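Below you'll find the structure, written out as structure tokens, and then a few comments.
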Amino acid sequence: MDQISTELSKLRIDRSQRGESREGNGRGKWILLLVVILLIGGSIAGYAYFNRKQTVMVDVIRPRQEASGDSAVLVASGYVVAHHKIQVGSKISGRVAWIGVEKGDQVKKDQVIVRLEDREYRAQYDQAAAAYDSASARLAELERGSRPEEIDRAKAEMERAEAQLRADEANFKRIDNMVKQGVGAPQLLDEARGRYDTSRAAVSSATKTYELAHLGPRKEQIDNARSEVARARAAADYAKSILDATEIHVPTSGTILERNVEQGEMVTTSFVGAEGAKGYVVTLADLNDIQVELDIDQNSFNRVSLNQPCTAVSDAYPDRVYKCSVAEIAPEANRQKATVQVKVKFLEPDKYVKPEMNARVTFLSQQTPKTQKSESTEPETKLFVIPKSTIQDRADGKIVFVLSDGVVKSKPVTVAREVGSEAYVSAGLTGNESIITGEILKQVKVGDHVEVRK
């Protein structure tokens, strides 16, 4: 019995442990509830984040205005180029000691932009100049003839020789008489005759020397000295031109497009590769004389002629329209491209047009608006030029999407004609609209809030 009681007591539930178990179960429920709430809140926040309304970025353009009389016959694209692009080189080889321009600087004709080291060339010039001075002095000496002192000395020598001749002649005659009288030895007569002949020869030599001193140098000597002066002057001029070439000047006014050398680099007069000595120092162009270079398809070439009026618009500044005219047509076509090169000159360029920019040129008909006005009394209308890709076709007509206060709106337009990739709108635009363009047109719709891409 006691054993049974003992076993039953083992099966009895401990109340204290039961209370602790209930307390643990309650805490677990609260933790589980908190986790569920966090999961639900995170899901709602994630859904709101990924489904929030994102701002759409768009590109816009403004219409370009043209008179109705300016009838476009062709539109083509090309690149802006300088009419005359000059690579300024050096006449001599040398090391750059100083360079005084940067890319984009404005320079004037004959302005010094680079100086080369000149010590060697200056020494060569000094040597040539000294040789020229020496030759000039020698020529001047010969041209002036003998000095008065030299003439006087020659005269004195002649007179001394004549006096000696008279003395020897008198002595010779006296001894000759003595020998004839038999009082003198014949050998004394021979000695006297020898001295007399010697004095006579000395007089002849001194007389000629005196005459030459009066006449001065020979003409041949002066001509030879004059030739030496001319040769020395040419050598000095050449050395001076080489020395002057160490200062490199620009041949015309313009803008520095490229600076090709730095201080300490070598400049050469021959063709070189990408490394080593440089073949030119800067590239220069007059940006007031610029053109658009175009390749016109042969099938459209018949619409282009010299001096034809046209307009140009750069991709960088589509709101700026420049008056142009056809300045050059290549004399031959490009067989591979089946095109003819045409160059259109800007009549009034400004700082916004730069070489190597893309540009779109609209060739206009040769008939001017004034001629049309004389034939018709109807008032001239204005046409607005926009890309054809911005026009949307709808059941009730053509529209464009415009941006107004950050909201997309539609605007109906009337297209008068299409030329190339451009459309000429005769009604529906005022010229102040911001027309949405690009691939985004397939995504936006009226009422969307958008922003202009910077």
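Since we're looking at a predicted model, the values are computed, not measured.
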Show the nearest heavy-atom pair for residues [X] and [Y], with the distance to one decimal.
X	Y	answer
E356	K85	OE2-NZ, 4.5 Å
S90	A245	OG-O, 4.5 Å
A76	I296	CB-CD1, 3.7 Å

Just verifying a value: how many Å separate [X] [atom1] and [Y] [atom2], rounded to the nearest 0.5 Å?
X	Y	atom1	atom2	answer
S410	K398	OG	NZ	15.0 Å
R62	T430	CZ	OG1	9.0 Å
Q106	T255	CD	OG1	3.5 Å
S325	L364	OG	CG	11.0 Å
L403	I435	CG	CD1	11.5 Å
H84	L284	NE2	CG	12.0 Å

Please check this pair: side chain of [X] against backbone of [Y], looking for a donor-acceptor N/O pair closer than 3.5 Å.
X	Y	value
D59	G438	no
R259	V101	yes
D405	V407	no
D289	D286	no
E117	R95	no
R115	E247	no
Q127	Q124	no
S134	A131	no
Q308	S305	yes

Is there side-chain contact between [X] and [Y], with heavy atoms separated by less than 4.5 Å?
X	Y	result
I248	V112	no
V261	V282	no
E293	V342	no
I436	L441	yes
R160	M158	no
M57	V450	no
L287	L257	yes
P63	I386	yes

Checklist entry - Ion pair present between K411 and E433, side-chain N to carboxylate O less than 4.0 angstrom? => result yes

Checklist entry - Going by an N to O cut-off under 4.0 Å, is there a salt bridge joining R335 and E332? => result no

Item to check | Chi angles and distances behind the side-chain contact (heavy atoms from CB on, under 4.5 Å) call for V361, V75 | outcome: CA-CA 6 Å; V361 177; V75 177; over 6 Å; no

Next on the checklist: I need the single residue from V267, L116, T268 that forms a side chain to side chain contact (heavy atoms under 4.5 Å, CB included) with S93. Which is it?
Outcome noted: T268

Checklist entry - For I290 and H83, what are the C-alpha separation, side-chain angles and deciding distance, and is it a side-chain contact (heavy atoms from CB on, under 4.5 Å)? => result CA-CA 5 Å; I290 54 177; H83 188 194; over 6 Å; no

Next on the checklist: Applying side-chain contact (heavy atoms from CB on, under 4.5 Å) to Y79 and V292, what does each step give before you reach the verdict?
Outcome noted: CA-CA 5 Å; Y79 295 93; V292 181; over 6 Å; no

Considering residues, nucleotides and ligands other than [X], do more than 12 of their heavy atoms fall under 6.0 Å from its [atom1]?
X	atom1	value
R119	CZ	no
E439	CD	no
Q298	CD	yes

Checklist entry - Between K278 and E265, does a salt bridge (Lys or Arg N to Asp or Glu O under 4.0 Å) hold up when you go through it step by step? => result CA-CA 8 Å; K278 304 300 177 63; E265 291 186 330; 3.3 Å; yes

Checklist outcome for this item: Residues pairing under side chain to side chain donor-acceptor pair (under 3.5 Å) where one sits in residues 224-242, two or more places apart or in two chains, turn out to be E143-R226, D223-R226, E228-R231, K240-D244

Item to check | L294/F363 under side-chain contact (heavy atoms from CB on, under 4.5 Å): CA gap, chis, key distance, verdict | outcome: CA-CA 12 Å; L294 307 147; F363 295 86; 3.6 Å; yes

Item to check | Listed partners of R122 passing side chain to side chain contact (heavy atoms under 4.5 Å, CB included), at least two apart | outcome: D118, D126, L243

Next on the checklist: Give me each pair satisfying ring pair (Phe, Tyr, Trp, His ring centres under 6.0 Å) with a member in residues 94-138, each pair once, sequence neighbours excluded.
Outcome noted: none

